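Step one of this worksheet: look at the structure below.
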Amino acid sequence: MPIGFGVVGCGMIAGFHAKAIADIRGARLVAGVDTVPAAADRLAKQTGCRPYYDLKKMLADEDVDVVVIGTPSGAHMEPAVAAARAGKHVIVEKPLEITLRRCDRIIDECDKAGVTLSAVFPSRFHGPSIEIKRAIDGGRFGRLTVGDAIVKWYRTQEYYDSGAWRGTWKLDGGGALMNQAIHSVDLLTWLMGPVAEIRAQTAMLAHKRIEVEDVAIATLQFENGALGIIEASTAVYPGYLKRIEIHGTAGSAIMEEEDIIKWDFAKRRKRDAAIHAQMARQVSGGGGAADPAAIGHHGHTRQFKDVLAAIRKGTRAMIDGPEGRRSVEIILGIYKAAETGRTVKLPLASDPVLKARKTGVAGL
Ligand SMILES: NC(=O)c1ccc[n+]([C@@H]2O[C@H](COP(=O)([O-])OP(=O)(O)OC[C@H]3O[C@@H](n4cnc5c(N)ncnc54)[C@H](O)[C@@H]3O)[C@@H](O)[C@H]2O)c1
């Protein structure tokens with residue numbers, strides 16, 4: 001019997017979920033549920049899955065083994081908890097949720113129900129990310145000194161106007177950081193290790209009718225002593241490929257979108273030739289730099305395969321709940337540092353109280 005998937009939220013990202021599932025032998029998209037019936041019907045028509053308009057009914061479908069949550073970011077917790085309680089394995093789109101309390105609730109309920117939980121960060125499954133991670137774990141960088149994540153993207157006003165939840169504290173949970181740059185924040189902490197201290201500034205400079213930041217700059221100190229920056233924006237025309245830059249006393253690597261563009265080490269290894277050859281034929285498209293739909297689905301495919309392997313073996317998914325929570329904590333720390341003008345130390349004891357979240361105005 002193939003493993004059955006059901007998606008919650010049949011919007012933009014659900015189309016990528018459907019493609020990722022279609023690429024996995026032994027998996028099939030069984031159902032899709034949306035509070036807007038036309039959205040569920042559209043996915044059903046495109047994929048042949050069963051449309052549902054009521055989550056409870058989809059969760060009662062015995063053919064659904066794994067539930068993928070693709071609702072607006074601040075509406076991940078309720079369906080994730082309901083799915084866990086129905087005994088389904090749970091995959092949640094990024095961010096896991098928009099507060100630590102809501103992330104923890106998902107993690108606790110999945111643990112309690114004994115189901116597998118994974119937070120979606122496809123970039124960790126891309127070859128170049130894995131290559132850099134291996135080089136770090138193998139000590140090739142020497143002492144890590146600098147780690148940067150740079151996401152200078154562009155989103156039109158029409159993008160924010162395309163969904164009432166976009167650009168709101170309540171459902172987007174933040175702006176350029178919480179929605180767009182979170183993939184890079186996740187990669188940076190995966191590669192460089194935990195963040196210890198944050199200083200930051202945020203601003204909303206180029207959009208109307210949004211409550212959240214469209215520019216954010218943070219300086220970081222990692223627990224290992226290295227320093228770094230996070231730059232995130234949806235207000236940089238025309239939008240450039242995102243970059244991760246990792247530097248140490250014995251090596252440097254720079255990744256642009258899914259291409260390694262610098263790979264320089266004091267001590268060469270045989271494997272470097274293949275990476276240099278790969279560098280000569282860069283393959284990345286525009287990524288999400290200017291168009292949110294210009295992303296591939298292969299990272300999702302690899303991540304869903306990892307989740308299925310974890311279910312089969314009874315192990316945790318590579319990006320389990322606590323791993324998915326890490327980027328949310330860093331971003332909330334950045335918001336707190338920007339709002340107070342003070343250094344914020346991680347780990348946070350609890351969710352920071354953000355005035356902007358209460359008033360709905362960024363950059364207070
Ligand atoms: N991994 C990635 O690269 C990636 C890319 C885009 C979006 N996302 C994430 O996916 C999520 C959805 O983003 P999107 O761009 O697809 O949004 P979208 O607005 O296109 O789709 C969301 C859908 O959820 C439905 N919905 C809302 N509340 C619901 C509920 N309670 N139950 C069932 N359906 C509900 C809406 O009607 C809509 O059809 C967000 O969390 C976003 O951060 C991830």
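Note that the structure is predicted; figures quoted are calculated from it, not measured. Both ligands and their constituent atoms are indexed starting at 1 by order of listing.
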Starting from Met12, walk the hydrophobic network (Ile, Leu, Val, Met, Phe, Trp, Tyr; side-chain heavy atoms closer than 4.5 Å) and list everyone else you reach, by chain and number.
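Taking Ile, Leu, Val, Met, Phe, Trp and Tyr as members, Met12 shares its hydrophobic cluster with Ile13, Phe16, Ile295.
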Please determine whether residues Tyr159 and Trp165 belong to a single hydrophobic cluster, defined as Ile, Leu, Val, Met, Phe, Trp and Tyr linked transitively by side-chain heavy-atom distances below 4.5 Å.
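No, no single cluster joins them.
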Residue pairs fulfilling ring pair (Phe, Tyr, Trp, His ring centres under 6.0 Å) with at least one residue in residues 192-224, sequence neighbours excluded:
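For residues 192-224, and leaving out neighbouring residues, the ring pair (Phe, Tyr, Trp, His ring centres under 6.0 Å) pairs sorted by first residue read Tyr160-His207.
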Please tabulate, one line per pair, the protein nitrogen or oxygen atoms found under 3.5 angstrom from a nitrogen or oxygen of ligand 1, with distances to 0.1 Å, or say none if there are no such pairs.
unit_1	atom_1	unit_2	atom_2	d
ligand 1	1 (N)	Glu93	OE1	2.9
ligand 1	3 (O)	His183	NE2	3.4
ligand 1	15 (O)	Arg166	NH2	3.1
ligand 1	16 (O)	Met12	N	3.2
ligand 1	16 (O)	Ile13	N	2.8
ligand 1	19 (O)	Trp165	NE1	2.9
ligand 1	20 (O)	Met12	N	2.9
ligand 1	37 (O)	Asp34	OD1	2.6
ligand 1	39 (O)	Asp34	OD2	2.6
ligand 1	41 (O)	Thr71	O	3.3
ligand 1	41 (O)	Ser73	OG	2.9
ligand 1	41 (O)	His76	NE2	2.9
ligand 1	41 (O)	Lys94	O	3.3
ligand 1	43 (O)	Ser73	OG	3.4
ligand 1	43 (O)	Lys94	O	2.9
ligand 1	43 (O)	Lys94	NZ	2.9

Student check: side-chain heavy atoms of Asp186 and Arg326 closer than 4.5 Å
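No, side chains not in contact.
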Would you indicate whether the side-chain heavy atoms of Phe121 and Leu187 approach each other to under 4.5 Å?
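SC-SC contact between Leu187 and Phe121 ruled out.
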Got a sec, which residues hit side chain to side chain donor-acceptor pair (under 3.5 Å) with Thr315, two or more places apart in sequence or on another chain?
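Once residues adjacent in sequence are excluded, Thr315 has no partner under the side chain to side chain donor-acceptor pair (under 3.5 Å) criterion.
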